[in-house]
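Okay, so here's the structure we're looking at.
Just so it is clear: chains get the letters A, B, ... in the order the sequence lines come, proteins before strands, and each one is counted from 1. Just the heavy atoms: all of them, side chains too, but no hydrogens, waters or symmetry mates, feed the values below. Bear in mind the structure is a predicted one, so any value in this text is a computation, not a measurement.
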There are 2 protein chains.
Amino acid sequence: MRVSRLQAEENRQTVINVASRLFRERGFDGIGLKDLMKGAGLTQGAFYKQFASKNDLVAQASKRALDSALHRWSAAAAERPQDPLGAVTDFYLNMGHCAERADGCPVVALGSDVARQDADVKAAFEAGIKEYLALLSGWIGESEADGDEPEGKAMAMLSTMVGAMVLSRAVNDEQLSKQFLQAAADSVLAASPASNAAQGSRQ
Amino acid sequence: MRVSRLQAEENRQTVINVASRLFRERGFDGIGLKDLMKGAGLTQGAFYKQFASKNDLVAQASKRALDSALHRWSAAAAERPQDPLGAVTDFYLNMGHCAERADGCPVVALGSDVARQDADVKAAFEAGIKEYLALLSGWIGESEADGDEPEGKAMAMLSTMVGAMVLSRAVNDEQLSKQFLQAAADSVLAASPASNAAQGSRQ
DNA sequence: ATTATCTATAGATCTATAGATAATGC
DNA sequence: ATTATCTATAGATCTATAGATAATGC
């Protein structure tokens, strides 16, 4: 029954990856260790040789989810280097993202729950959120030390994007969902100093 | 042990009120029927004479939470009739709201969870959200039938406010929390057509 | 007679632990 | 000899139901 150290580490990574998806889909309290381990092809008994507690996995899976989401942002931006903000708003603020919770933004899928988690989990989200802000700041040409409101515009943009996704997922009316995403995209692009320059390439 | 019909209805309302607070504080899955009923001074056995299921209470408590939150918005706006938007952003985007989950905005406290609930719960949130939009629209002087983007600005504002609160609650760094709220307030007020007119009374 | 609430419990699930097993790593 | 995983289980909790009780409402 024992497997090699390499295989054990691979299994551990699989559990974290599976958890990062299943937590986003069902919530931290919405899935038990038995089903999480089953999703990784293991049984529940193996869990506590790999993690200290469920909370330990919650923290690690949160970090994994944020890393994965940031990677997707960077990839989306890289596909349209002359207009990274437009590329990311297109990528983020659409109905596909609204329907696909497991692979979507972890702040949207778990933000409300994170407020009720301990400092370890919040630390994972805080680190990821700071990276989101750094990306946005760079794309809108915001200096990071130009006054008492560092990254203020980036913070407002991220808030608008996260809020629009949360709202669009909280209603039944699909038309209303779309309108939230469209209104957020309009607002974010209008607030970017670079938006006029990039407008041509977006049209 | 039996109580009067009047008392029974009063008890039912108490359960809904208690649930609307405890769900916001601990999440729909974070509190059981035993503790919910205990919070209303009853025992678990009385629950199913009052509600069809836990989900039934989740839907009713969601509606109650949104009604209560809308009432607070109206009250805040009424205290500063010449600048309702400024009054509501002050009331909503502050650290007290960030710390007080049980009485705060239900979209912030439960938004991520609502995406995983059934249509009844989403209907309660949808109705409340539409009322938020109507209030905001009125305050910024937005016509409700002036093009293909009805209430677009109100939608972006609500998204920004909800997102900022979710983000500010998801991090450990209190300074960062404050900056999200400040950035959101700046962004929302700058986007209002009436913001210049009201600027004087806000300074 | 009806019924709102109570105590008690069924049956499922949850996190965490214990001990057995079998393959690895020395 | 060590250990990653397995099966099994402890003990707590969850939603929901059953039957008893005692006050209401007719």
Side-chain angles (χ1 to χ4, degrees), chain A residues 1-62 110 113-114 116-118 120-121, chain B residues 1-62 110 113-114 116-118 120-121:
Chain A
M1 291 177 167
R2 186 184 175 188
V3 301
S4 73
R5 283 177 191 169
L6 195 77
Q7 181 63 50
E9 175 58 20
E10 221 168 88
N11 288 346
R12 203 179 135 267
Q13 296 302 325
T14 302
V15 173
I16 297 173
N17 288 334
V18 166
S20 90
R21 287 176 45 88
L22 287 176
F23 284 148
R24 276 179 279 180
E25 192 173 315
R26 307 198 205 171
F28 294 132
D29 289 339
I31 183 148
L33 299 181
K34 189 177 174 179
D35 287 336
L36 278 169
M37 293 302 277
K38 200 174 169 186
L42 298 167
T43 63
Q44 192 180 347
F47 184 85
Y48 288 91
K49 275 271 157 63
Q50 294 175 331
F51 304 97
S53 63
K54 185 179 181 182
N55 189 75
D56 179 23
L57 176 61
V58 165
Q60 293 196 48
S62 294
L110 295 164
D113 304 81
V114 173
R116 301 184 285 262
Q117 302 296 316
D118 73 5
D120 283 353
V121 180
Chain B
M1 292 180 166
R2 186 185 175 187
V3 300
S4 71
R5 282 177 190 169
L6 195 76
Q7 181 63 50
E9 176 57 21
E10 221 168 89
N11 288 345
R12 201 179 136 268
Q13 295 302 325
T14 302
V15 173
I16 297 173
N17 288 334
V18 166
S20 89
R21 288 176 45 87
L22 288 176
F23 284 150
R24 276 179 278 179
E25 192 173 313
R26 308 198 203 169
F28 295 132
D29 289 339
I31 183 148
L33 299 181
K34 189 177 174 179
D35 287 337
L36 278 169
M37 293 302 276
K38 200 173 168 185
L42 298 167
T43 63
Q44 192 179 348
F47 184 85
Y48 288 92
K49 275 272 158 60
Q50 295 175 330
F51 304 97
S53 63
K54 185 179 181 182
N55 189 75
D56 180 21
L57 176 60
V58 165
Q60 293 196 47
S62 294
L110 296 164
D113 304 81
V114 174
R116 302 184 284 261
Q117 301 298 316
D118 72 5
D120 283 352
V121 180

Sequence neighbours excluded and cut-off under 3.5 Å, please list the side-chain donor-acceptor pairs for residues 9-17 of chain B, or say none.
from	atom 1	to	atom 2	distance (Å)
B/E9	OE1	B/R12	NH1	3.4
B/E9	OE2	B/R12	NH1	3.1
B/E9	OE2	B/Q13	NE2	2.7
B/N11	OD1	B/Q7	NE2	2.9
B/R12	NH2	B/Q60	OE1	3.0
B/Q13	OE1	B/R64	NH1	3.3
B/Q13	OE1	B/R64	NH2	2.6
B/T14	OG1	B/E10	O	3.0
B/N17	OD1	B/R64	NH1	2.6
B/N17	ND2	B/Q13	O	3.3

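- Stem regions for DNA chain D, each three or more consecutive Watson-Crick or G-U pairs with both distances under 3.5 Å and listed by first number, read C:1-24 with D:1-24.
- For B/R116, the salt bridge (charged side-chain N to carboxylate O under 4.0 Å, His left out) test picks out A/D113, B/D113, with sequence neighbours left out.
- Sorted by first and then second residue, the salt bridge (Lys or Arg N to Asp or Glu O under 4.0 Å) pairs with a member in residues 47-58 of chain B form an empty list; sequence neighbours excluded.
- An OP1 or OP2 oxygen of D/dA4 is reached within less than 4.0 angstrom by no side-chain nitrogen or oxygen of A/N11.
- Across residues 13-34 of chain A, A/G32, A/L33 each have a non-hydrogen atom less than 4.0 Å from an atom of DNA chain C (numbered order).
- Atom CG in B/D56 sits roughly 14 Å away from atom C1' in D/dT15 (whole-Å rounding).
- Nearest heavy-atom pair, A/F23 versus A/A61, reported as atom, atom and distance to 0.1 Å: CD1-CB, 3.8 Å.
- For B/R21, the salt bridge (charged side-chain N to carboxylate O under 4.0 Å, His left out) test picks out B/D103, with sequence neighbours left out.
- Under the side chain to side chain contact (heavy atoms under 4.5 Å, CB included) criterion, A/D120 pairs with A/A59, A/D118, not counting sequence neighbours.
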For a quick check, with a 4.0 angstrom heavy-atom cut-off, what is the B/S/- contact string for nucleotides 21-26 of chain D, read 5' to 3'?
BBBBSS

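- Between A/A8 and A/V3 the shortest heavy-atom distance is N-CG2, 3.8 Å.
- Near-neighbour residues of DNA chain C inside residues 35-53 of chain A, defined by a heavy atom below 4.0 Å, number-ordered: A/Q44, A/Y48, A/S53.
- In this structure, CG of B/L57 is placed 14 Å from C1' of D/dA16, rounded to the nearest angstrom.
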Only pairs under 3.5 Å count here: list side-chain donor-acceptor contacts from residues 28-44 of chain B, not counting sequence neighbours, and write none if there are none.
none

